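Here's the structure, in structure tokens; my notes come after.
In this text the structure is predicted, and so the values were computed from the model without any measurement.
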Amino acid sequence: MDRRNFLSKTSVALTVASPLAWADDDREKSKSKKSSEHSKPKTKPTPAPTPTPTPGGTVKSRVIVIGGGMAGATVAKYLRLWGDGIAVTLVERNSSYVSNIMSSMVLTGQRTMASLTYNYNKLLTAYGVTVVQGDVVEIDPVGVKVKLASGVILTADRIVMAPGIEFDAVQGLTDPNVMPHAWQAGAQTTLLASQLNSMTDGAPVVLTIPLVPYRCPPGPYERACLIADWLKVHKPQSAAKVFVLDANASIVAEATNFTNAFALHGIHYVPNAVISRVDQATKSVFTSAGNFENNGVVNLIPGQRAGKLITTAGLNNATQLPGDSAFRFAGVNQLTYASTVSGAGKVHIIGDASATAQPKAGHIANQEAKVCADAIIRSLAGLQPDPAPVTNSACYSTITMTQAGWLEAVFQYDPATAAMVASAAGSGASTGWNTENFKDMNTWFNALMADSFA
Ligand SMILES: Cc1cc2nc3c(=O)[nH]c(=O)nc-3n(C[C@H](O)[C@H](O)[C@H](O)COP(=O)(O)OP(=O)(O)OC[C@H]3O[C@@H](n4cnc5c(N)ncnc54)[C@H](O)[C@@H]3O)c2cc1C
């Protein structure tokens, strides 16, 4: 297995390898396995090899990574693992990372926040990444410099930005904690859990979904299923009063499974429900598909855009939704993830902040990070990027508190459109859901997080 071949695997195995030579016949062998592997996502990762030491400690080039989430942690690790003499500095504002993935299970009491928390020790000790806790407030894309809130300025040969997302303002919502999104795992996640626990039984529960593109397409639908299942036991009078207000015209991911699941749980699904405003005092939501007033809990997930730093740096040049006056996400060269803004070619943007046809998902963030690391290493060595990257994503969706379905997607680079496009081969979804998938989900999650942070 080699650096290039890991991308052509269709299974969800998060394989890594030595950055030495590769053979196209290995890719072919991998491709021929696709159909037989497709019946179910694979969950076992190949152990990571020891990182390539920097010969004599000589630093040949420097890369700064901004944001230590799914994308940033992975790119920092793999730049060190595969690169030769690349000094990597990861700047992250928090001392540890809390996974969004699985965080809806905190709402049902099945997970603790501690069980979703990852630190950066392994990146430092096993891979030699310099980890700096700090808030990046400005970048100079041309001078390749990064300024921290502390005033410290770092310089490098390349910058990788992985700042995730930020949320749109919602008219009438002056205190986001009244209607938490809990779409960035943290204080809002525990707040939403406590709101559900303390609400009056019999009160309606509303979950809103923004227009695509947003982080984790199946995520809101699976959260609605989990909450509805939990309510049956803990707030039975509210169980039949779960409303999903979707700004989109229809369910955007795993439509068959979620349609059936909503029928199972008695969830009221309302499409084309674009929020015009909310009233905090009465926990009411006013939408283009009707008004939903006097709710017990409102999980309001607003529209999303790239992390603020992308906009501050003028790198938001892609994706406009109706009514937008500015672009939301960062356009990238999909072979390298370099910014498409003129003069910013030494800045790479990966994960949810970038604009590609791939879903905004942690698994894809991990994959983009590897493509980006490979491209930077080649570029620093004066080589061209891999002309045919392949990425994959697996997603398990909790349909009940003990059962899950799954979705798998493969993306290949299309030279005609210069974009990653979904490939029918290797993509698919489970028919229904079961407890075995639920167990596999935990194995997949542990493998993904280990591949990114350990
Ligand atoms: C409820 C839920 C369930 C999900 N389930 C799945 C799933 O099953 N499968 C899946 O693949 N994906 C899932 N996702 C999506 C996944 O969590 C995201 O796609 C993924 O986290 C994106 O990674 P990222 O690195 O782009 O952003 P993040 O993981 O959000 O990381 C961004 C990091 O950048 C840091 N940062 C931002 N700005 C700065 C700055 N200026 N200075 C320093 N640091 C900064 C932040 O502190 C953060 O640590 C889910 C998401 C949610 C909300």
Side-chain angles (χ1 to χ4, degrees), residues 6-10 12 31 34 38 41 69-71 74-75 100-101 160-165 209-221 246-255 303-307 310 315-322 324 327-341 348-372 374-375 385-395 397 406-429 448:
F6 79 89
L7 295 168
S8 63
K9 294 285 285 177
T10 56
V12 301
K31 277 184 194 160
K34 282 181 184 174
H38 179 55
M70 299 303 298
T74 308
V75 78
N100 303 306
I101 307 176
V160 182
M161 300 179 76
I165 55 161
I209 304 177
L211 285 174
V212 287
Y214 62 82
R215 161 174 283 178
C216 193
Y221 306 100
D246 193 342
N248 299 285
S250 58
I251 293 173
V252 303
E254 297 175 66
Q304 291 154 37
R305 55 188 68 239
I310 299 286
L315 301 179
N316 55 319
N317 63 346
T319 318
Q320 265 183 316
L321 295 177
D324 279 352
F327 289 101
R328 288 178 175 261
F329 294 100
V332 291
N333 174 325
Q334 295 182 31
L335 290 179
T336 63
Y337 291 89
S339 169
T340 51
V341 170
H348 301 249
I349 301 134
I350 53 175
D352 288 358
S354 65
T356 76
Q358 298 162 110
K360 297 192 183 302
H363 196 136
I364 280 291
N366 168 288
Q367 296 277 288
E368 290 180 355
K370 291 174 182 173
V371 176
C372 179
D374 180 61
D386 177 354
V390 179
T391 58
N392 69 63
S393 175
C395 184
S397 297
W406 56 261
L407 174 70
E408 184 177 31
V410 173
F411 296 85
Q412 295 182 310
Y413 185 75
D414 172 28
T417 55
M420 296 298 287
V421 295
S423 156
S427 299
L448 176 64

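Between Gly307 and Ala353, the shortest heavy-atom contact is N-CB, 4.5 Å. Among all heavy-atom pairs drawn from Asp324 and Arg328, the shortest one is OD2-NE, 2.6 Å. Taking every heavy atom of both residues into account, Ser427 and Val410 meet most closely at OG-N, 3.0 Å. Nearest heavy atom pair, residue Pro387 against residue Tyr413, reads O-CD2, 3.4 Å. Among all heavy-atom pairs drawn from Ile350 and Cys372, the shortest one is CG2-CB, 3.7 Å. Contact detail for Gly164 and Arg215: the closest heavy-atom pair is CA-NH2, 3.9 Å.
To the nearest 0.5 Å, atom SG of residue Cys395 and atom CG of residue Leu407 are 6.0 Å apart. Of the inter-residue distances, the one linking Asp352 atom CG with Gln304 atom CD reads 8.0 Å to the nearest 0.5 angstrom. Atom CG of Asn333 is separated from atom CD1 of Ile349 by 11.0 Å, given to the nearest 0.5 angstrom.
Two residues are said to be in side-chain contact when any heavy atoms from C-beta on lie closer than 4.5 Å; Pro213 and Thr319 meet this criterion. The shortest distance between side-chain heavy atoms of Glu368 and Val332 does not fall below 4.5 Å. Contact of the Tyr214 side chain with the Ile209 side chain is registered, since non-hydrogen atoms from C-beta on lie closer than 4.5 Å. When side chains are defined from C-beta on, Phe411 does not count as touching Thr356, because their heavy atoms never get closer than 4.5 Å. The side-chain heavy atoms of Pro163 and Ile310, taken from C-beta on, include a pair separated by under 4.5 Å.
Checked by atom type and distance alone, the side chain of Lys360 pairs as donor or acceptor with a backbone atom of Ser354 at under 3.5 Å. Without hydrogens or angle criteria, Asn248 side chain to Val212 main chain gives a donor-acceptor distance under 3.5 Å. Judged by distance alone, with hydrogens and angles left aside, the side-chain atoms of Asn316 form a donor-acceptor pair with the main-chain N or O of Phe327 at under 3.5 Å. In terms of modelled atom types and a separation under 3.5 Å, the side chain of Thr340 and the main chain of Gly331 share a donor-acceptor contact.
Side-chain polar atoms of Gln358 and Ser393 form no donor-acceptor pair below 3.5 angstrom. There is a side-chain donor-acceptor pair under 3.5 Å between Tyr221 and Asp246.
Residue Asn392 forms a side chain to side chain donor-acceptor pair (under 3.5 Å) with just one option from Gln412, Glu408, His363, and that option is His363. For the side chain to side chain contact (heavy atoms under 4.5 Å, CB included) with Met420, the qualifying choice from Val390, Thr391, Val371, Asp414 is Thr391, the only one to do so.
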